[in-house]
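Contents: one structure, followed by commentary.
Order of listing sets the numbers, starting from 1, for every ligand and every atom in it. Not measured: the values here are computed from a predicted model. We number each residue from 1, following the sequence as shown.
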Amino acid sequence: MRARPIVTIDGPAGAGKSTVARALARRLGFLYLDTGAIYRAVALAVSRSAELRGQVDLGAGPETLPAPDQAALGALAAGLDVRFSDSGTRVWLVGEDVSAAIRTQEIGERASWISAIPAVRAGVLDLQRRLAGEGGVGAEGRDLGTVVFPDAEAKFFLTADVASRARRRTLELQGRGEDADPVQIRAEIEGRDRRDSERTAAPLRCPEDAVRVDSSGLSVEAVVDRLASVVSSRQRS
Ligand code: DC
């Protein structure tokens, strides 16, 4: 039995998971754990490695990568020094603040690609569990309720229609000064959904015991209220 609960929020890209998970964690006095940032940090480390960079071919499926190369990416993921700030919003990779560098569209694509490799997922699994420690955590990702924290006290699956998600992602990237073409963003989101849902290793899927919330047309506040009330009812029971 954990000292404090773990709350998981899974769902597709652009459903508002980060904003909601961050706000929920703040409201509950929990640690915020952004597991996508870990996959992004791994993708950044791979793209900076002269030896490993060439293994990521976005034009081909990751399953076409020979087993020894998959193992090399897994070894890098397992040994990587990734740390978060107390608020969970800043990320360090081997001592370097990579909070901005991991947020580009390209690193998101690469993270989606490498995250389909079972050895990479296995490498990241321990780190996620270690970071969650004794609980009191609001964690967001793709497979948290199904694989990483199957015994979490409260699980949510946050979705939104693809048009709302593409709109949100476009505004987010433009807000950071990146070029963002809404048509291209939508196509990339659809591609990422397909890859994240169809991979054999821990595909994106709603956990059976999760509360499903569609955030299209809802304010962040309304979504956080809904989640917080479920968490507090679980804590009472
Ligand atoms: O949530 P995000 O866009 O920052 O995540 C980037 C990629 O990382 C996402 O496309 C799939 C992968 N990911 C994953 O496979 N499992 C997680 N728990 C979190 C992210």
Side-chain angles (χ1 to χ4, degrees), residues 6-22 32-47 56 58 61-63 73-74 77 80 82 84 88-91 93 98-132 137-150 152 155-160 162 165-166 168-170 172-173 176 178 180 185 187-207 210 215:
I6 289 185
V7 176
T8 61
I9 304 180
D10 291 307
K17 291 189 305 287
S18 302
T19 315
V20 166
R22 216 179 299 133
Y32 162 58
L33 178 59
D34 173 2
T35 62
I38 302 173
Y39 286 97
R40 285 170 181 266
V42 174
L44 183 66
V46 171
S47 64
V56 177
L58 295 176
E63 65 287 346
L73 294 181
L80 211 57
V82 179
F84 288 91
T89 52
R90 301 209 75 79
V91 187
L93 174 62
V98 292
S99 314
I102 61 169
R103 293 292 159 204
T104 65
Q105 189 69 7
E106 191 202 334
I107 290 297
E109 287 295 302
R110 288 172 170 267
S112 171
W113 196 94
I114 58 152
S115 71
I117 297 171
V120 169
R121 303 202 72 80
V124 169
L125 190 61
D126 271 356
L127 174 62
Q128 295 173 92
R129 291 183 177 155
R130 242 182 300 125
L131 288 169
V137 173
E140 57 133 325
R142 301 290 191 289
D143 63 337
L144 304 185
T146 49
V147 176
V148 184
F149 305 114
K155 300 179 185 178
F156 298 97
F157 195 77
L158 195 62
T159 56
V162 73
R165 293 193 283 128
R168 247 185 230 142
R169 249 306 129 87
T170 305
E172 187 188 320
L173 290 168
R176 283 204 296 268
E178 273 197 60
I185 301 280
E188 280 172 2
I189 282 192
E190 285 171 337
R192 196 118 79 90
D193 281 358
R194 215 171 307 119
R195 197 185 299 131
D196 293 349
S197 314
E198 290 174 5
R199 67 183 179 215
T200 30
L204 169 67
R205 110 163 26 115
C206 178
S215 70

Where ligand 1 meets [X] - atom numbers and elements under 4.0 angstrom, heavy-atom basis:
X	value
Asp196	9 (C), 10 (O), 11 (C)
Asp143	16 (N), 17 (C), 18 (N)
Arg199	14 (C), 15 (O)

Identify the protein heavy atom lying closest to [atom], giving its residue, its atom name and the separation to 0.1 Å.
atom	result
atom 12 (C) of ligand 1	Ser115 OG, 3.5 Å
atom 10 (O) of ligand 1	Arg192 NH1, 2.8 Å
atom 16 (N) of ligand 1	Arg121 NH2, 3.0 Å
atom 19 (C) of ligand 1	Thr35 OG1, 3.5 Å
atom 4 (O) of ligand 1	Arg40 NE, 2.6 Å
atom 8 (O) of ligand 1	Tyr39 CB, 3.5 Å
atom 1 (O) of ligand 1	Arg142 NH1, 2.9 Å

TODO: Would you mind telling me which of Arg195, Arg199, Arg110, Arg40 makes a side-chain hydrogen bond (donor to acceptor under 3.5 Å, both in side chains) with Ser115?
DONE: Arg199
Open item on the list: For the 3.5 Å polar cut-off, considering only N or O atoms, please tell me whether Arg169 and ligand 1 meet it.
Closed with: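 N/O-N/O distance below 3.5 Å does not exist for this pair.
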- [ ] Just let me know how Leu204 lines up against ligand 1, side chain, backbone, both or neither, with a heavy-atom cut-off below 4.0 Å.
- [x]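 Leu204 to ligand 1: no contact under 4.0 Å from either part.
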TODO: Using a 4.0 Å heavy-atom cut-off, say whether Glu109 meets ligand 1 through its side chain, its backbone, both or neither.
DONE: neither
Task: Nearest option to atom 20 (C) of ligand 1, as decided by whichever heavy atom of Gly36, Gly14, Ala13 sits closest - done: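 Looking at heavy atoms only, the winner is Gly36.
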Open item on the list: Regarding atom 7 (C) of ligand 1: of the candidates Gly191, Pro203, Ala111, which has the closest heavy atom?
Closed with: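 When every heavy atom of Gly191, Pro203, Ala111 is considered, Ala111 comes closest to atom 7 (C) of ligand 1.
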Between [X] and [Y] (salt bridge meaning N to carboxylate O under 4.0 Å), is one present in this structure?
X	Y	answer
Arg168	Glu172	no
Arg142	Asp10	no
Arg103	Asp34	yes

Task: Closest non-hydrogen atom pair between Ser197 and Asp193, with its separation - done: OG-O, 2.6 Å
TODO: Taking all heavy atoms of Ala152 and all of Thr8, pick out the closest pair and write down the distance.
DONE: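 Answer, listing the atom of Ala152 first, then Thr8: CB-CG2, 3.8 Å.
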- [ ] Determine whether the side chains of Glu188 and Gln105 contain a donor N or O and an acceptor N or O closer than 3.5 Å.
- [x]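 Short answer, yes.
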Open item on the list: Any donor-acceptor pair under 3.5 Å linking the side-chain atoms of Ser18 with those of Glu140?
Closed with: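 A pair is found: one side chain offers a donor N or O, the other an acceptor, under 3.5 Å apart.
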Task: Sub-4.0 Å heavy-atom approach of Arg195 to ligand 1 - done: no
Open item on the list: Take a 6.0 Å sphere around CZ of Arg176 and say whether it holds more than 12 heavy atoms from other residues, nucleotides or ligands.
Closed with: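 Correct, the count exceeds 12.
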Open item on the list: Working to the nearest 0.5 angstrom, can you tell me the gap between Thr35 OG1 and Leu131 CG?
Closed with: 10.0 Å
